[in-house]
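A short worksheet on the structure shown next.
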Amino acid sequence: MKRLLFLLGFGAVNAAAQTLVLNPLGTLPALISETSGLETAAGGAFWTHNDSGGEPALYRINSIGSITRTLHVSNADNVDWEDLARDAAGNLYIGDFGNNSNNRTDLRIYKIPDPDTWATDTVAAEIIEYAYPDQDAFPPPPAKLNFDMEAMVHIGESLYLFSKNRTEPFTGYSRIYRLPDQAGSYTAQLVDSFYAGPGPALNYWVTGADISPDGEKLVLLGYDKLWLFTCRNGRSFLDGNIRQVGFGSSFTQKEGIVFSDDQTLAITDEALLTFVPARLYHADVSSFLPASCCPAPEALSAVPVTPGKLLYRWKPVAGRDGYRLRLNGSDGSNGLRQTTDTALLIPGLNPGTIYRAYVQARCGNLTSPPSDTVTLVALRTAANNETCPEVRLVAAGDQLVIQVPEKGSLQLFSTDGRLLLEKTVQPGEILSMRELPSGMLLWRWAGDSSSSTGKFFSGQLCIP
């Protein structure tokens with residue numbers, strides 16, 4: 001992003017609750033006054049680059065910001081380079097996806113081999129071309145201006161991009177897209193979004209990102225703050241702890257960020273015209289990291305047992321002090337129950353109501369992310385003059401409750417007669433419906449002494 005846009009909002013400071021001290025390490029030379037991306041290099045150095053209009057080149061800077069090497073990318077243009085990311089093999093990814101006007105159709109990411117091992121000062125890149133699945137106008141209307149990118153990380157075999165939200169009015173959400181890390185032409189996958197804050201936009205733009213060397217911490221950068229994501233426990237970073245940390249009165253165009261180690265960040269900002277140079281900073285975030293993390297329990301099942309009661313079970317979490325279970329009913333009811341066990345019999349439910357339940361662990365003063373949600377239907381009793389069928393199948397969320405008088409064979413069919421499942425089932429057995437299509441299904445059950453057929457969408461188990 002050009003400095004002119006930044007100057008329009010200079011001085012709009014929004015200090016977060018806790019302040020991170022930025023220690024200047026050095027002033028950057030004028031050649032890289034528009035530094036935008038930042039990555040580690042061998043020997044405690046860094047790689048950086050300029051944003052739009054700069055040379056298609058990477059610059060190696062030492063620990064005080066002096067340039068020690070220039071590496072040109074021979075088959076690239078710098079339309080608007082915005083961020084850098086590294087993978088485990090050392091490959092470097094250059095995000096040419098800056099898109100201030102949200103009108104670009106030439107979005108690219110350049111992939112080069114580990115520049116620290118490259119012998120010459122020129123390298124050819126592999127090219128990842130892509131488009132956004134949810135953009136159909138270039139530019140879109142003001143309310144949909146959320147296709148400018150300035151932040152990228154590499155996780156597993158994928159690249160994750162974070163949008164710089166320019167919506168009018170400002171919605172505060174940074175969209176998260178995923179791309180393969182191999183050369184090719186792709187449609188990015190929209191995987192999630194992060195609510196940065198209510199505005200004004202300059203205070204809640206996401207301008208850089210990085211993953212810690214241990215893979216357990218994510219940081220997003222803004223002009224006057226950062227967001228630190230921890231305790232993901234193998235899940236999405238958005239399901240872990242999120243901490244907003246301000247830079248006090250420091251409001252500059254910060255766009256480059258990288259973990260030097262698991263507790264230390266390096267940050268760069270761009271020059272402000274000719275009187276405030278670009279700088280390289282060091283920041284210790286150890287005091288903002290939790291002493292320990294509380295992993296989320298793994299939910300096993302929620303089983304209707306009698307009218308108005310269900311049994312909810314989950315796997316234990318090491319080091320927990322207890323658990324809390326939350327229920328949300330389709331009738332608007334909700335409830336919170338505490339326990340130290342890993343199973344809970346829950347009475348007092350409204351028969352026939354659909355419930356969604358999840359559990360969290362408590363570890364000292366920490367609370368884990370929620371488990372996956374289990375959906376079920378509370379049992380009901382037969383109404384006046386109603387005869388309950390001998391065989392009953394109840395679809396409850398992604399589970400199918402089987403009520404049969406004896407062991408037998410169950411077949412499930414689509415409405416056009418395709419066999420979807422065939423299985424020997426026991427009375428009260430619960431099956432997963434995750435592999436079954438939605439909509440109406442037909443069933444046939446046959447035991448040693450009886451057989452039955454029927455159909456269902458979702459339902460309420462009926463007992464005499």
Side-chain angles (χ1 to χ4, degrees), residues 15-28 32 35-49 58-69 82-88 90 92-93 114-116 150-155 160 162 206-233 237 240-270 277-293:
Q18 292 180 288
T19 299
L20 177 66
V21 176
L22 300 181
N23 299 297
L25 297 177
T27 298
L28 302 183
I32 49 174
T35 171
S36 186
L38 195 64
E39 257 299 342
T40 54
F46 304 95
W47 290 102
T48 189
H49 58 76
L58 296 173
Y59 303 92
R60 190 179 188 271
I61 57 175
N62 60 20
S63 59
I64 60 172
S66 301
I67 297 175
T68 60
R69 183 186 176 193
E82 288 293 356
D83 206 6
L84 297 174
R86 264 193 193 271
D87 63 21
L92 204 64
Y93 300 84
D114 187 348
D116 293 320
E150 292 196 9
M152 171 177 64
V153 297
H154 184 279
I155 303 176
Y160 291 82
F162 300 82
V206 174
T207 61
D210 196 44
I211 294 286
S212 60
D214 64 8
E216 293 302 316
K217 306 170 192 71
L218 166 70
V219 64
L220 299 181
L221 179 64
Y223 289 161
D224 67 341
K225 63 175 69 65
L226 58 78
W227 296 268
L228 191 60
F229 300 73
T230 57
C231 293
R232 70 181 180 130
N233 301 305
F237 279 105
N241 292 349
I242 305 175
R243 192 169 210 173
Q244 177 180 299
V245 183
F247 301 138
S249 60
S250 175
F251 192 103
T252 59
Q253 193 169 337
K254 302 174 185 70
E255 295 194 8
I257 190 166
V258 68
F259 277 97
S260 300
D261 56 46
D262 290 327
Q263 298 185 343
T264 308
L265 296 170
I267 295 172
T268 56
D269 59 9
E270 295 191 13
R279 289 190 175 93
L280 172 67
Y281 302 89
H282 163 278
D284 183 349
V285 295
S286 59
S287 62
F288 298 94
L289 301 174
S292 62
C293 293

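This is a predicted model, so every value here is computed, not measured. Positions are given from 1, in the same order as the sequence printed here.
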Revision key, fill the gap. So CG of Asp83 and OG1 of Thr48: to nearest 0.5 Å the spacing works out to 9.5 Å
Check your understanding: With a 4.5 Å limit on heavy-atom distance, are the side chains of Leu58 and Glu39 in contact?
Key -> no
Practice item. I would like to know whether Arg279 and Leu22 meet side chain to side chain contact (heavy atoms under 4.5 Å, CB included); could you show each step before the answer? Key: CA-CA 11 Å; Arg279 289 190 175 93; Leu22 300 181; over 6 Å; no
Check your understanding: Between Ser36 and Glu255, does any side-chain donor sit less than 3.5 Å from a side-chain acceptor?
Key -> yes
Check your understanding: Are Asp262 and Lys217 side-chain neighbours, meaning at least one heavy-atom pair lies under 4.5 Å?
Key -> yes
Exercise for review: Nearest 0.5 Å please: distance from the CD atom of Glu216 over to the CD1 atom of Ile211.
Suggested key: 9.0 Å
Review point. Okay, side chain of Asp116, backbone of Ala42: is any donor-acceptor separation there less than 3.5 Å?
Key: yes
Check your understanding: Say you draw a straight line from CZ of Phe162 to CD of Glu150; how long is it, rounded to the nearest 0.5 Å?
Key -> 13.5 Å
Check your understanding: Considering residues at least two apart in sequence or located in another chain, which fulfil the ring pair (Phe, Tyr, Trp, His ring centres under 6.0 Å) criterion with Phe229?
Key -> Phe194
Exercise for review: Compare every heavy atom of Thr35 with every heavy atom of Ala278, then report the nearest pair and how far apart it is.
Suggested key: CB-CG2, 4.3 Å
Point to revise | Interatomic distance, Thr40 atom OG1 to Phe259 atom CZ [nearest 0.5 angstrom] | key: 12.0 Å
Point to revise | Pair Gln253-Tyr223, side chain to side chain contact (heavy atoms under 4.5 Å, CB included): steps then yes or no | key: CA-CA 5 Å; Gln253 193 169 337; Tyr223 289 161; 3.6 Å; yes
Practice item. Output the distance between atom OG1 (Thr268) and atom CG (Leu38), rounded to the nearest 0.5 Å. Key: 5.0 Å
Revision key, fill the gap. To the nearest 0.5 Å, atom CG of Asp210 lies from atom CG of Leu265 at 8.0 Å
Review point. Which heavy-atom pair separates Gly44 from Ser63 by the least distance, and what is that distance?
Key: O-CB, 4.2 Å
Point to revise | Asp224 side chain vs Phe247 backbone, donor-acceptor pair below 3.5 Å | key: no
Practice item. Ignoring hydrogens and angles, tell me if any N or O in the side chain of Arg60 forms a donor-acceptor pair with the backbone of Ala41 under 3.5 Å. Key: no
Study note, to complete from the structure: All heavy atoms of Asn23 vs all of Val21, minimum pair found to be OD1-CG1, 3.6 Å
Check your understanding: Is there a donor-acceptor pair under 3.5 Å between the side chain of Lys225 and the backbone N or O of Val245?
Key -> no
Check your understanding: Are Trp227 and Val206 close enough that some pair of their side-chain heavy atoms sits under 4.5 Å apart?
Key -> yes
Check your understanding: Does the side chain of Leu28 come within less than 4.5 Å of Asp269's, by heavy atoms?
Key -> no
Check your understanding: Taking it one step at a time, do Asp114 and Arg86 satisfy side chain to side chain contact (heavy atoms under 4.5 Å, CB included)?
Key -> CA-CA 9 Å; Asp114 187 348; Arg86 264 193 193 271; 3.1 Å; yes
**Study point:** Side-chain (Asn241) to main-chain (Cys231) donor-acceptor, under 3.5 angstrom
**Key:** no
**Study point:** Derivation and outcome, side chain to side chain contact (heavy atoms under 4.5 Å, CB included), residues Phe237 and Leu220
**Key:** CA-CA 11 Å; Phe237 279 105; Leu220 299 181; over 6 Å; no
Practice item. Could you tell me which residues satisfy ring pair (Phe, Tyr, Trp, His ring centres under 6.0 Å) with Tyr93, sequence neighbours excluded, listed by chain and number? Key: His154
Practice item. May I ask you to test the Tyr160-Met152 pair for a side-chain heavy-atom distance under 4.5 Å? Key: no
